[in-house]
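First comes the structure, then the notes that go with it.
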Protein chains: 2
Amino acid sequence: MQQRVHFLTFSTPDLDAARAFYREGLGWHPLVDVAGEVIFFQVAPGTVLGLFDAEKFAQDAGMPSPAPVAGVTLSHNVDSAEEVSVAIDRLASLGAELLKPAQVGAFGGIFHGLVRDPNGIVWEVAHNPGWSIGDDGGVTFG
Amino acid sequence: MQQRVHFLTFSTPDLDAARAFYREGLGWHPLVDVAGEVIFFQVAPGTVLGLFDAEKFAQDAGMPSPAPVAGVTLSHNVDSAEEVSVAIDRLASLGAELLKPAQVGAFGGIFHGLVRDPNGIVWEVAHNPGWSIGDDGGVTFG
């Protein structure tokens, strides 16, 4: 199996809250938005974030009941510490729960903050001076 | 905040098991592999999968204790139903737990199977005839 993720899909108890947060709040544009079922956002070249109704998610995965999202973090990198603070404040103003205010990270030489979205997805916003993406999409750690 | 995921990071109780599964089993090449701390694999242009020691993950996210991975699925798309079956068998042979044998999916007109990796990450392998990636990385649903 190739080293490639095409979809990351989250169990989503409240799709309306997800729509309000990502579409109306952050202004993101969905590839697909089916009320009561799923919202897809493209979040990297060839890669899609899926917010899938929690009952259908469990059914599709052969699980007996929906499980809250846990043990995973999505990170969005920005170009400066200042932008971290602005983004964390913005996410909190849209109703995300503040988990960690913008600060120097314990690992990796980064400046970051973390919030939890209305459906339990944890987002980190980070400034990582040692990280870069080349023209070919290749990631480098400095 | 832009519509972009740069890292997806999982709480990983057993990094040695992760290394055996992804590096030795699947032959994936890490960007970084620090024993007892983290393994990074690039899984899309500009996007990295991080397997982060569970204790450090919790500490970094300001959580009181490690939480098992739940409520999320990573999907890898392949070009045929036959390839789904081959990949699911391969993953199971490497020690993944079979959650759903390769079969027609309930949603989206796909053929898929699901497994759980040694640290709780659920992978779907899918053939989705209505999905494609353009030369610019743009995803289309048919």
Side-chain angles (χ1 to χ4, degrees), chain A residues 1-11 26 28-29 31-32 37-38 40-49 54 56-57 59-63 66-77 87 90-91 99-100 105-107 114 120 122 124-126 131 133 136-141, chain B residues 1-11 26 28-29 31-32 37-38 40-49 54 56-57 59-63 66-77 87 90-91 99-100 105-107 114 120 122 124-126 131 133 136-141:
Chain A
M1 191 172 86
Q2 289 177 352
Q3 189 172 325
R4 187 66 170 87
V5 172
H6 293 110
F7 287 76
L8 45 153
T9 306
F10 286 88
S11 176
L26 291 173
W28 287 14
H29 300 284
L31 287 169
V32 172
E37 188 162 326
V38 71
F40 288 120
F41 295 106
Q42 182 158 350
V43 291
T47 305
V48 173
L49 170 65
K56 293 184 173 68
F57 179 97
Q59 179 188 340
D60 196 50
M63 295 167 181
V69 175
V72 60
T73 300
L74 302 184
S75 299
H76 175 70
N77 283 2
R90 173 87 177 122
L91 291 164
L99 295 179
K100 192 174 191 178
F107 300 96
L114 288 100
V122 175
E124 174 188 58
V125 181
W131 163 95
I133 305 177
D136 63 351
V139 171
T140 306
F141 292 94
Chain B
M1 191 173 87
Q2 288 177 353
Q3 189 172 324
R4 188 67 170 83
V5 172
H6 293 110
F7 287 76
L8 44 153
T9 306
F10 286 88
S11 176
L26 291 173
W28 286 14
H29 301 284
L31 287 170
V32 172
E37 187 162 327
V38 71
F40 288 121
F41 295 107
Q42 180 157 351
V43 292
T47 306
V48 172
L49 171 64
K56 293 184 173 68
F57 178 98
Q59 179 188 339
D60 196 50
M63 294 167 181
V69 175
V72 60
T73 301
L74 303 183
S75 298
H76 176 71
N77 283 2
R90 173 86 177 123
L91 292 163
L99 295 179
K100 192 174 190 178
F107 299 95
L114 289 101
V122 176
E124 174 189 56
V125 182
W131 163 94
I133 305 178
D136 62 353
V139 171
T140 307
F141 292 94

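Since the structure is predicted, the reported quantities are computational estimates derived from the model, not experimental observations. The sequence lines fix the lettering, A, B, ..., with proteins before strands; numbering per chain opens at 1.
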Derivation and outcome, side-chain contact (heavy atoms from CB on, under 4.5 Å), residues A:W131 and A:T140: CA-CA 6 Å; A:W131 163 95; A:T140 306; over 6 Å; no

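- For a residue to count as touching a neighbouring chain, one of its non-hydrogen atoms must lie under 4.5 Å from one of that chain's; by this rule B:V125 touches chain A with the side chain only.
- Between chain B and the residues A:T73, A:V122, A:L91, the most heavy-atom pairs under 4.5 angstrom are made by A:T73.
- Only the side chain of B:V48 has a heavy atom closer than 4.5 Å to any heavy atom of chain A.
- Remark: side-chain polar atoms of B:T47 are not paired, donor with acceptor, to backbone N or O of B:Q42 under 3.5 angstrom.
- Of the two parts of B:V139, the backbone and the side chain both hold a non-hydrogen atom closer than 4.5 Å to a non-hydrogen atom of chain A.
- Comparing A:L26, A:D60, A:L99, A:V69 by how many heavy-atom pairs each has under 4.5 Å with chain B, the most go to A:D60.
- When the candidates B:E37, B:R90, B:H29, B:M63 are compared by the number of heavy-atom contacts under 4.5 Å with chain A, B:H29 comes out ahead.
- Between chain A and the options B:G137, B:S75, B:S11, heavy-atom pairs under 4.5 Å are most frequent for B:S75.
- Here B:N77 is the residue among B:N77, B:L49, B:D136 with the most heavy-atom pairs under 4.5 Å with chain A.
- When each of A:G46, A:G62, A:A70, A:G120 is scored by its heavy-atom pairs under 4.5 Å with chain B, the top score falls to A:A70.
- The greatest number of non-hydrogen atom pairs below 4.5 Å with chain A, out of B:P66, B:P68, B:A54, B:A61, is found for B:P68.
- B:F141 and A:F40 have their aromatic ring centers within a separation under 6.0 angstrom.
- Of the residues considered (A:V72, A:L74, A:L8, A:I133), A:V72 shows the highest number of contacts with chain B, using heavy-atom pairs under 4.5 Å.
- Residues A:F41 and A:L31 have side chains not in contact (no heavy-atom distance under 4.5 Å, counting atoms from C-beta outward).
- For the set B:Q2, B:E124, B:H76, the count of heavy-atom pairs under 4.5 angstrom toward chain A peaks at B:H76.
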